[in-house]
There are 2 protein chains.
Amino acid sequence: MHPCSACTVRTLTVCAALEAEELRRLAEILQTTRFDAGHTVFGEGDPAETLYNVTSGTVKVYKLLPDGRRQITGFLLPGDFFGLSVNDSYAYTAETVTPVSLCRFPRRRMEALLDEFPKMQRRLFSMASNELAAAQDQMLLLGRKTAKEKICSFLLLLSQRASRRGHKTNPVHVPMSRADIADYLGLTTETVSRTFTQLKTSRVISLLEGNKVQIQDMDDLLDLAEGA
Amino acid sequence: MHPCSACTVRTLTVCAALEAEELRRLAEILQTTRFDAGHTVFGEGDPAETLYNVTSGTVKVYKLLPDGRRQITGFLLPGDFFGLSVNDSYAYTAETVTPVSLCRFPRRRMEALLDEFPKMQRRLFSMASNELAAAQDQMLLLGRKTAKEKICSFLLLLSQRASRRGHKTNPVHVPMSRADIADYLGLTTETVSRTFTQLKTSRVISLLEGNKVQIQDMDDLLDLAEGA
DNA sequence: CGTCCGCTTGACGGAGGTCAATTTGGGTGG
DNA sequence: CCACCCAAATTGACCTCCGTCAAGCGGACG
C-alpha cells in the first residue's frame, strides 16, 4: 500500500492516467510532508532540487522586487504542481497559506522517470500549457482590468477551481488574507477591502463566516469581471 | 534538401537536438509561409489546428476584453513557438508586427510526432517552462512596477533576447509601435511616449534612426528596471 | 503638396495608492 | 468563560501617478 492509493487529487495531477506499474515507480521516489500555515517551502534562488505536488491546503508562490514589492503569481490548490525551474534554482518563493500536505519528488529521479514514461512527460506538458494559459489570463487582468473587475475575476477563479475539484462553487472559500489577494491582483489591501465592501453594498456578494464569500448573482459577477 | 537545413534559428527552437531522421520527419509535415506586417495569423477562439514557429520577423499575441481593451501577452521572435492551445481553440489572437516567415505544423501530425519522439516532447516542455518563467516575470512587471520601471525592463528584455539570438545587444531594435508597447506593459501610448522622453532627457537612452534605442548606461537601466 | 497615421506634448481629472485611525475577530492565558 | 491582545480588516482623508482628452508635429505615401 503506497500513499497514492488514498490520494484524492490523483486525477487532477501528473499522477493521473498512470498505469499501476508507473504509479508504483512514482511512489518509490515520493515523500509526503506537512507544513503549518506561513511556512516557506523554498525561496527564490534556492537550488531547485525538489518538485512538489499539493495534496491539501493552499500554497502561494511569489516574486519580490529589491524594495519589497511583491507579486503573487499563483495560488496552488490540491492537485497543483510546483517547483519546476528553468536553470537550477527556483525563480520564485513558495509559502504555505494554510496548513498544507505536499508530495516531494527529487528532481533528478523525477526527470529520469519522465524519460522513462513519456505519458507522464506529456501529462506534465499539458499541465504546463494550462498554467501558461492561466498566466495569460492573469496578465490581461493585471494589465487592463480595474480594481472591481480584478476582484470579481478573482472570486470567479476561486469558484471555478473549487468546482473542478468537486467542491461546491458557491459560497466560495477564500483562505488567503487581504494582503495576499492584493499582491495577487496588483492592488493594495485597502483597495481590496474597499472593493469587497462596495460589492457587498451593491448586493453582488455577501461575506459569510469562516472566510467564505456568497455570490448573490453569478451572472452579474461574470459581467463585472469583464467590464461588460 | 528540406528548408530546415538552412534554418538559422533551429538551435533555438523545438527542432534543436533532433537527429537527422527526426528532422526529416518533422520537415515532412512542415509548411513555410510569409505574411506582411499587420496580418492576423489566427484569432482568439479559432479552432487550433496549427502550431507555428517564427523564423523571421516579429509576431504579437494578445487577448481582448469585450470593450476592446487589449493585453499583449508576448512578442514572438525568430525561434519562438506559438499556437499551443489547451482545449481546441486558440486562447489569444496572433498578429504580425513586421513581415514574418513562419513554419506551420498541423497539430494532429505534430502530436503524433511528439509521441514518437519523446526528445521533441521534452524540448517543447522545456520551452513551455521557459515561457512560464517569462510570464511570471511579466506578472511582476504588470502588477508592481511603475511606468519607468516597465519601460526599462522592456528595453532590457529586448536587448537580452537579441543577445540570445546572436545579435548585438546595443543599440536595440524596437520594431513595435508605441501602442503595442503600451498594450504589452499595461500603459497608454501617451505614458510610453512621455517615459521614453524622460529617459532620453536623463541620458539613460537615446533614440536612433530606424526604431533603434541606444542604451547609454546599461547598469543605470538595470537598476531603474527594478526600482533599486 | 496634401493627407494620414503615429508620435509627442500639454492640461486636467480620477482611480487607486498612501498614511493614519478605528474596528473586528481569532487566539491565549488567567 | 471571559478579558485581553494583537494582527488583520475596514474606513477615512488626502495625494499622486498615470489615464483621458485634445492639440500639434513630422515623416511616409499617393
Residue B/Thr146, side-chain heavy atoms: nucleotide from D/dA9, D/dG12, D/dC18 that is nearest: D/dC18

Can you tell me which nucleotide in D/dA9, D/dG19, C/dT8 comes closest to the side chain of B/Arg178? C/dT8

What is the ring orientation for A/His39 with A/Phe35, classed by angle as parallel under 30°, tilted 30 to 60°, or perpendicular over 60°? parallel

Take the angle between the ring planes of B/Phe125 and A/Phe125 and call it parallel below 30°, perpendicular above 60°, tilted in between. perpendicular

Ignoring backbone atoms, test whether [X] places a side-chain nitrogen or oxygen under 4.0 Å from the OP1 or OP2 oxygen of [N].
X	N	result
B/Thr188	D/dG19	yes
A/Thr197	D/dT11	yes
B/Ser193	C/dC7	no

If the helix axis at each end comes from five base pairs, how far does the helix from C/dC1-D/dG30 to C/dG30-D/dC1 deviate from straight, to 10°? 40°

Between A/Lys148 and B/Arg194, name the one whose nearest nucleotide on DNA chain C is closer to the 5' end. B/Arg194

Given that A/Ala147 and A/Glu190 both sit by DNA chain C, which one's nearest nucleotide is further toward the 5' end? A/Ala147

Using whole Å, what does the distance between atom [atom2] of nucleotide [N] and atom [atom1] of [X] come to?
X	N	atom1	atom2	answer
B/Gln198	D/dC18	CD	P	9 Å
A/Phe196	C/dT24	CZ	P	19 Å
A/Asp183	C/dG16	CG	C1'	15 Å
A/Asn211	D/dA7	CG	P	18 Å

Please confirm whether the backbone N or O of B/Glu44 pairs with a side-chain atom of B/Thr93, one donor and one acceptor, at under 3.5 Å? yes

Check B/Glu149 with A/Arg69, please: is the shortest side-chain N to carboxylate O separation under 4.0 Å? yes

Between B/Asp220 and B/Arg203, is the closest basic N to carboxylate O distance under 4.0 Å? no

Does atom CG of B/Asp67 have more than 12 heavy-atom neighbours from other groups under 6.0 Å away? yes

Does the gap between the ring centers of B/Tyr184 and B/Phe75 come in under 6.0 Å? yes

